[in-house]
Amino acid sequence: MTPRDRMLALFVVLLWGLNFLALRAGLDHFPPMFFAALRFAVLAIPVLIFIPRPDVPVRWLVLYGLGFGVGQFAFLFTAMRLGMPTGLASLVLQSSAPFTVVLGAILLREKLTRVQMIGLAVAVGGMAIIGADRLANATLVPVLLCLAAGLSWAFGNLGARKTPATNPLHVTLWMSVVPPLPLFALSMAIEGPTAGINAFARATHDGHAAFVALAYTVIAATICGSGLWTYLMSRYPAGVVAPFSLLVPIVGFTAAWLVLHEEPSVFSLVGGAIVILGAAAATGVRIPGGRQVSPELARI
């Protein structure tokens, strides 16, 4: 990966790490499915009117939208609404990195080495520690929902990987056309037909922070962050780009600690460190101060 693209990947890490604060603010005012639908609807309407559809296969664009847009945020927002701490959510969501490598090996025939398989096992062990810690506090369900969000994101990564285009931003923008209708339908079926509308009306009076959060998720996290991520996924193998997402929890944990005063348990921190180390090996990250693992995929 070139130095410029490496810096772009780190910028995406910053945008996505801070995005968890915006998500928490939005979920304090909106039901999760409705908030997810609103996020993409704000983009989809002008995209349909002003942006030409990119010349990419529709099936991969739909997979990108369903995985990254519908699955990821439906599960993630529900988990956070059910009590998943913001910082911990940013960590468990990064299970998408090893999930991406496994799916890349199975579906795209990208090579999976012995070191990667060991790393995957270590990452699963770290997730088990986090799950056991949350189970002790009767909050295992949000962890499982976050894992489902990570798996959905991994499928979205594969969709993005299969949509090379001269304008990755247009791919990202058109991806946003896919999620609104399924998410609005889920909101009506699960949250009630008027829950989202009532929440929107209340937010216009006393929830200005919710609209600031919505603007951040649309402009910074989706247009800028996802646009750059799509650009990187279109240029490099999934196993090269996905490891950068492992840095997002560092920003997410720090921001949640400084702004929301969240204090994760020792077991959550230990499990998180194990997850990051295992996923780093699984995705071929060069460990600072050490040797490069999985040279076939690790180019960062």
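Sequential numbering from 1 along the given sequence is applied to the chain's residues. Worth knowing before you read on, the calculation uses all heavy atoms, side chains too, and leaves out hydrogens, waters and symmetry mates. Predicted model only: the values in this text are computed from it and were never measured.
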Between [X] and [Y], which heavy-atom pair has the shortest distance, and what is it?
{"X": "T163", "Y": "V56", "answer": "O-CG1, 4.0 Å"}
{"X": "V70", "Y": "P182", "answer": "CG2-CB, 4.1 Å"}
{"X": "P52", "Y": "H170", "answer": "O-ND1, 4.0 Å"}
{"X": "L27", "Y": "F35", "answer": "CD2-CD2, 3.9 Å"}
{"X": "F253", "Y": "S90", "answer": "N-OG, 4.0 Å"}
{"X": "P180", "Y": "A44", "answer": "CG-CB, 4.0 Å"}

Might you work through the side-chain contact (heavy atoms from CB on, under 4.5 Å) test for F75 and L144, ending with a clear yes or no?
CA-CA 9 Å; F75 287 124; L144 296 177; over 6 Å; no

Classify the side-chain pair N157/Y64 by whether it contains a donor and acceptor separated by less than 3.5 Å.
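No, because no side-chain N or O of N157 sits under 3.5 Å from a partner of the opposite role on Y64.
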
Consider only side-chain N and O atoms of T86 and R24, and report whether a donor and an acceptor are under 3.5 Å apart.
yes

Please check if atom CE in M117 has more than 12 non-hydrogen atoms from other residues, nucleotides or ligands closer than 6.0 Å.
yes

Looking at [Y], is its backbone amide N or carbonyl O close enough to the side chain of [X] to form a donor-acceptor pair, meaning the two atoms are under 3.5 Å apart?
{"X": "R53", "Y": "L48", "result": "no"}
{"X": "E191", "Y": "M33", "result": "yes"}
{"X": "T100", "Y": "S96", "result": "yes"}

Would [X] end up clustered with [Y] when hydrophobic side chains under 4.5 Å apart are linked, directly or stepwise?
{"X": "V251", "Y": "M7", "result": "yes"}
{"X": "I219", "Y": "I45", "result": "no"}
{"X": "L228", "Y": "L43", "result": "yes"}
{"X": "V141", "Y": "F267", "result": "no"}
{"X": "L186", "Y": "L181", "result": "no"}

In Å, rounded to the nearest 0.5 Å, how long is the span from [atom1] of [X] to [atom2] of [Y]?
{"X": "L151", "Y": "S95", "atom1": "CG", "atom2": "OG", "result": "8.0 Å"}
{"X": "E262", "Y": "F20", "atom1": "CD", "atom2": "CZ", "result": "11.5 Å"}
{"X": "I223", "Y": "T172", "atom1": "CD1", "atom2": "OG1", "result": "9.5 Å"}
{"X": "T217", "Y": "L15", "atom1": "OG1", "atom2": "CG", "result": "12.0 Å"}
{"X": "L258", "Y": "L21", "atom1": "CG", "atom2": "CG", "result": "9.0 Å"}
{"X": "R59", "Y": "L63", "atom1": "CZ", "atom2": "CG", "result": "10.5 Å"}

Is there a side-chain contact between [X] and [Y] (heavy atoms, below 4.5 Å)?
{"X": "M175", "Y": "V62", "result": "no"}
{"X": "M84", "Y": "L145", "result": "no"}
{"X": "F211", "Y": "T204", "result": "yes"}

Close aromatic pair by centroid cut-off 6.0 Å: W16 and W153
yes

If you apply the rule side-chain contact (heavy atoms from CB on, under 4.5 Å), what do you find for V12 with Y231, and how did you get there?
CA-CA 11 Å; V12 174; Y231 163 78; over 6 Å; no

Take the angle between the ring planes of F200 and F34 and call it parallel below 30°, perpendicular above 60°, tilted in between.
perpendicular

Checking ring-ring contact (aromatic ring centres under 6.0 Å, His included) against F68, which of W229, F155, F73 comes through?
F73

Sole candidate of V92, I130, L91, T78 that passes side-chain contact (heavy atoms from CB on, under 4.5 Å) when paired with C146:
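In the set V92, I130, L91, T78, the residue that makes a side-chain contact (heavy atoms from CB on, under 4.5 Å) with C146 is V92.
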
For L158 and K162, what are the C-alpha separation, side-chain angles and deciding distance, and is it a side-chain contact (heavy atoms from CB on, under 4.5 Å)?
CA-CA 6 Å; L158 296 191; K162 297 293 289 184; 5.6 Å; no

Starting from the C-alpha separation in whole Å, work towards a yes-or-no answer on side-chain contact (heavy atoms from CB on, under 4.5 Å) for R39 and L23.
CA-CA 10 Å; R39 165 186 180 158; L23 298 183; 4.3 Å; yes

